[in-house]
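Notes follow once the structure below has been shown.
Just so it is clear: chains get the letters A, B, ... in the order the sequence lines come, proteins before strands, and each one is counted from 1. Because the structure is predicted, anything quoted here is derived from the model rather than measured.
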Amino acid sequence: MAIEILMPALSPTMEEGTLAKWLVKEGDTVSSGDIMAEIETDKATMEFEAVDEGIIGKILIEAGTEGVKVNTPIAILVEEGEAVPSADTAAPAAKQDAPQETAPAKAPATVAAAAPVTDTTPDWGADVEVKPTTVREALRDAMAEEMRRDPDVFLMGEEVAEYQGAYKISQGLLDEFGAKRVIDTPITEHGFAGIATGAAFGGLKPIVEFMTFNFAMQAIDHIINSAAKTLYMSGGQMGAPMVFRGPNGAAARVGAQHSQCYAAWYMQVPGLKVVMPYSASDAKGLMKTAIRDPNPVIFLENEILYGKSFDVPVMDDFTIPFGKAKIERAGDDVTIVSFGIGVTYALTAAEKLAEEGINAEVINLRTLRPMDTETILASVRKTNRCVTVEEGWPQGSVGGYISNVIMQQAFDYLDAPVINCTGKDVPMPYAANLEKHALLTADEVVAACKQVTYR
Amino acid sequence: MPPKKAAAKPNVSAEELLGHYREMLLIRRFEEKAGQLYGMGLIGGFCHLYIGQEAVVVGLEAAADEGDKRVTSYRDHGHMLACGMDPKGIMAELTGREGGFSKGKGGSMHMFSKEKHFYGGHGIVGAQVPLGAGLAFSDKYKGNDRVTFAYFGDGAANQGQVYETYNMAELWDLPVIFVIENNGYAMGTSVVRSTKSPSLWERGAAYGIEGEEVDGMDVLAVKAAGERAVAYCRAGKGPYILEVKTYRYRGHSMSDPAKYRTREEVQKMRDERDPIEQIRDMLLTGKHASEDDLKAIDKDIKAIVNEAAEFSKESPEPALEELWTDIYAKVEG
């Protein structure tokens with residue numbers, strides 16, 4: 001049966017091209033792989049190969065013809081002894097099953113103004129005993145409990161085993177779990193992030209410690225392209241149940257390359273969950289949830305908070321669900337939204353404001369993705385004012401996103417524009433005085449709250 | 001009928017030769033069809049064909065056992081066919097349809113099959129190398145003796161993460177076979193234009209990794225090397241490198257005019273070294289198969305490929321709801 005040879009698309013964007021040259025003539029026999037013609041696209045001259053075997057019965061488009069549309073019949077291939085059909089009786093041009101234009105699916109109702117449903121149950125019951133614990137100990141305890149619970153959980157990173165952790169977060173884990181499950185790596189973030197992601201594809205549940213998240217820049221390709229996207233790209237067949245953790249943001253006097261906050265970066269990525277705890281109980285409850293989560297979780301810790309002590313409930317299995325903010329302090333006059341170390345600025349500011357008769361509500365987000373926007377919105381509908389607080393840079397900030405959510409879903413409740421308190425828009429300087437100015441201060445939060453309350 | 005012995009290779013049965021012929025031909029015909037569907041606008045974006053390199057995956061898959069894993073780059077159609085994934089599901093993924101292995105959401109470069117232990121299909125050059133070592137890590141951790149084939153090209157061989165991975169794979173004795181498919185060109189840059197140490201497998205020596213160079217146009221040589229590598233890894237001796245010298249006949253992707261090499265160079269390779277023709281000659285001269293036998297196989301393969309192409313056109317586009325699924329795995333409990 002005669003086969004029409006169609007003008008091929010030879011690049012992702014080609015719609016038409018020039019049939020520059022025929023390398024076969026009518027009557028020639030071709031087999032698959034033979035070069036039949038040269039075709040000029042907008043970018044290059046390409047060789048066009050035969051796919052089917054046969055005899056060139058008729059050439060329909062002359063060499064040199066410009067503007068030949070993709071899928072136009074350019075020649076007819078016949079079998080031996082077969083008559084050449086005339087052009088108009090030739091087999092109908094292959095129907096192009098082009099995708100039909102359809103309206104894009106509507107996004108899940110993230111922007112719909114639904115009545116807020118907020119979960120305000122406390123993290124633990126009133127009758128539960130608490131014990132003062134540092135964030136450092138809480139993180140270690142969470143990992144140890146989950147490693148006891150699930151033999152597929154292991155910890156890998158630089159200095160996590162014999163050195164007991166560069167910041168002593170993994171203290172004692174090597175002794176309890178051995179070198180098979182607490183693994184010192186060479187200094188090779190790109191490589192071990194990839195190996196850990198592959199191990200997660202293979203069914204394990206790695207915890208990857210970055211000595212700091214600044215060094216995870218070397219590994220961000222695997223975090224995003226390999227870990228975050230694979231579940232989607234595989235149509236749900238496989239993903240990466242794992243935790244990437246380590247200190248994030250400014251410590252003290254370590255300069256520009258060791259002082260960046262990555263909250264806004266990772267928060268942007270579908271497929272990742274992003275956690276940034278403030279207190280020791282946050283750290284413990286959220287770390288346990290992160291390790292159990294079947295998705296890649298970015299767990300942003302803070303070096304300055306590691307040594308701070310907070311009450312942690314004495315419970316066999318204390319967890320905090322993702323997507324549940326905590327109201328650290330209730331108030332009616334202004335909503336301060338923060339996360340991680342930002343909460344310390346927010347709480348200090350709230351105390352100062354209280355002295356001046358301004359009653360601030362402080363929301364600790366705890367997880368940035370998923371983000372508990374309902375708790376923010378419910379608070380803003382009450383206070384009609386909002387200030388966001390974070391150490392990261394202003395452009396493309398977490399606060400910028402929160403402002404957008406409030407504008408879309410609580411615009412009519414606002415009595416003042418939302419203010420984003422952020423780190424300054426500069427690389428972190430080393431000099432003590434400059435660093436102090438580059439960082440956020442509680443006084444700036446106080447000033448912002450006064451501005452939105454017109455005081 | 002008992003399998004006849006091949007004359008040239010006394011240890012190879014006619015049955016095995018016919019199997020290799022069939023599998024390589026399936027890849028060749030599938031890729032030609034994919035090229036055609038691309039030309040018709042049914043396949044979009046980037047499409048990297050494997051034509052010319054068929055002996056590499058067919059030879060290595062012949063050395064693999066059930067449960068062994070494989071991971072590769074974006075030139076992945078051949079690997080999927082060779083490990084037994086259904087041609088219909090592969091082609092339908094190329095056309096972006098519901099019946100594709102990733103429900104149409106991955107495309108040519110991002111396809112997976114948990115069932116066949118195929119871990120992608122990765123679009124970032126070199127990323128699959130540590131991922132492959134990680135898969136091997138998971139097997140070693142679980143205490144089984146499975147091995148992972150991590151395929152990458154001569155281009156990826158210059159990525160830093162490959163050497164980070166070599167170091168850790170040897171340090172931890174991971175059962176991973178690093179398969180360098182050296183087809184001579186990283187997109188348009190030939191190997192000699194990208195490195196002064198063109199023997200890529202020898203770079204493993206810097207990390208203490210054993211390896212060898214293999215004629216990638218000879219499926220039997222590839223299989224034999226694969227068996228050596230598998231035996232080494234399965235015995236717990238750590239990683240192994242196979243630098244398989246091969247050649248791609250088509251451009252880097254569908255939109256590559258391949259002006260960085262001569263037509264004569266490609267034609268010479270096709271005429272003298274074609275992996276499918278080599279086996280075909282062996283079958284015919286050894287009188288293990290007649291022209292008619294091979295014609296019957298050709299016809300069979302053509303039917304499979306046509307069926308895949310038909311399926312890839314008929315399978316509907318994914319439902320719009322699919323846009324929002326598979327972003328997060330569901331939390332249990």
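When heavy atoms are compared at a cutoff of 4.5 Å, B/F118 approaches chain A solely by way of its backbone atoms N, CA, C and O. At a 4.5 Å heavy-atom cutoff, the contact between B/L135 and chain A is made by backbone and side-chain atoms alike. When heavy atoms are compared at a cutoff of 4.5 Å, B/D139 does not approach chain A at all. Residue B/L171 touches chain A through its side chain alone, counting heavy-atom pairs closer than 4.5 Å. For A/M7, the part lying under 4.5 angstrom from a heavy atom of chain B is the backbone only. With a 4.5 angstrom heavy-atom cutoff, B/T325 touches chain A only via backbone atoms.
When the heavy atoms of residues 258-270 of chain B are compared with those of chain A, the residues falling under 4.5 Å are B/K259, B/R263, B/R270, listed by number. Of residues 286-294 of chain A, those residues lying under 4.5 Å from chain B by any heavy-atom pair are A/D293, A/P294.
Interface check for chain A: of the options B/Y249, B/F101, B/W172, the most heavy-atom pairs under 4.5 Å are formed by B/W172. Your options are B/S113, B/A169, B/G35, and the one with the most heavy-atom pairs under 4.5 Å with chain A is B/S113. For the options A/P241, A/A50, A/S226, heavy-atom pairs under 4.5 Å to chain B are most numerous at A/S226. Per-residue counts of heavy-atom pairs under 4.5 Å with chain B were compared for A/S32, A/P296, A/G271; the largest is that of A/G271. Counting heavy-atom pairs closer than 4.5 Å to chain A, the top residue among B/K69, B/K330, B/R28, B/R250 is B/R250. In terms of heavy-atom pairs under 4.5 angstrom with chain A, the leader among B/G106, B/A127, B/G44 is B/A127. With respect to chain B, the highest number of heavy-atom pairs below 4.5 Å among A/R181, A/E38, A/E47, A/K180 belongs to A/K180. Top candidate by heavy-atom pairs under 4.5 Å with chain A, chosen from B/S138, B/C47, B/A133, B/A136, is B/S138. The most heavy-atom pairs under 4.5 Å with chain A, out of B/G96, B/G39, B/G123, come from B/G39.
Residues meeting the side-chain contact (heavy atoms from CB on, under 4.5 Å) test with A/K229, sequence neighbours left out: A/I224, A/N225, A/M233.
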Subject >> side chain to side chain contact (heavy atoms under 4.5 Å, CB included) between B/I327 and A/L231, worked out >> reply: CA-CA 6 Å; B/I327 299 163; A/L231 186 74; over 6 Å; no

Original post:
Between A/I5 and B/Q36, does a side chain to side chain contact (heavy atoms under 4.5 Å, CB included) hold up when you go through it step by step?
Top reply: CA-CA 10 Å; A/I5 298 168; B/Q36 190 183 32; over 6 Å; no

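Between the side chain of A/N71 and the main chain of B/M40, a donor-acceptor pair closer than 3.5 Å is present. Although no hydrogens or angles enter the test, the distance criterion places no donor-acceptor pair under 3.5 Å between the side chain of A/N295 and the main chain of B/Y328.
Annotation for A/M238 and B/Y119: closest pair SD-CD2, 3.3 Å, computed over non-hydrogen atoms.
Side-chain contact between A/H222 and B/P130 is present, with heavy atoms from C-beta onward closer than 4.5 Å. Put simply, the side chain of B/R29 does not reach to within 4.5 Å of the side chain of A/V51, judged on heavy atoms.
Atom OG of A/S11 and atom CZ of B/F46 lie 9.5 Å apart (nearest 0.5 Å). Remark: B/S255 OG to A/M14 CE distance equals 11.0 Å, nearest 0.5 Å. In this structure, CG in A/D52 is found 6.0 Å from NZ in B/K33, a value given to the nearest 0.5 Å.
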In residues 182-207 of chain A, what donor-acceptor pairs under 3.5 Å come from side-chain atoms, sequence neighbours left out?
residue: A/D184; atom: OD1; partner: A/V160; partner atom: N; Å: 3.0
residue: A/D184; atom: OD1; partner: A/A161; partner atom: N; Å: 2.8
residue: A/D184; atom: OD2; partner: A/E162; partner atom: N; Å: 3.2
residue: A/T185; atom: OG1; partner: A/G157; partner atom: O; Å: 3.4
residue: A/T185; atom: OG1; partner: A/E158; partner atom: N; Å: 3.4
residue: A/T188; atom: OG1; partner: B/E164; partner atom: OE1; Å: 2.5
residue: A/H190; atom: NE2; partner: B/Q161; partner atom: OE1; Å: 3.2
residue: A/H190; atom: NE2; partner: B/Q161; partner atom: NE2; Å: 3.3
residue: A/T197; atom: OG1; partner: A/A193; partner atom: O; Å: 2.7
residue: A/K205; atom: NZ; partner: A/D150; partner atom: OD2; Å: 2.8

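For CD of A/E15, the number of neighbouring non-hydrogen atoms (other residues, nucleotides, ligands) closer than 6.0 Å is 12 at most. A/K21 NZ: 12 or fewer foreign heavy atoms inside a 6.0 Å radius.
With ring centers used as reference points, B/F137 lies under 6.0 Å from A/F154.
Across B/K103, B/E322, B/H110, B/K105, a single residue satisfies side chain to side chain contact (heavy atoms under 4.5 Å, CB included) together with A/Y232, and that is B/K105.
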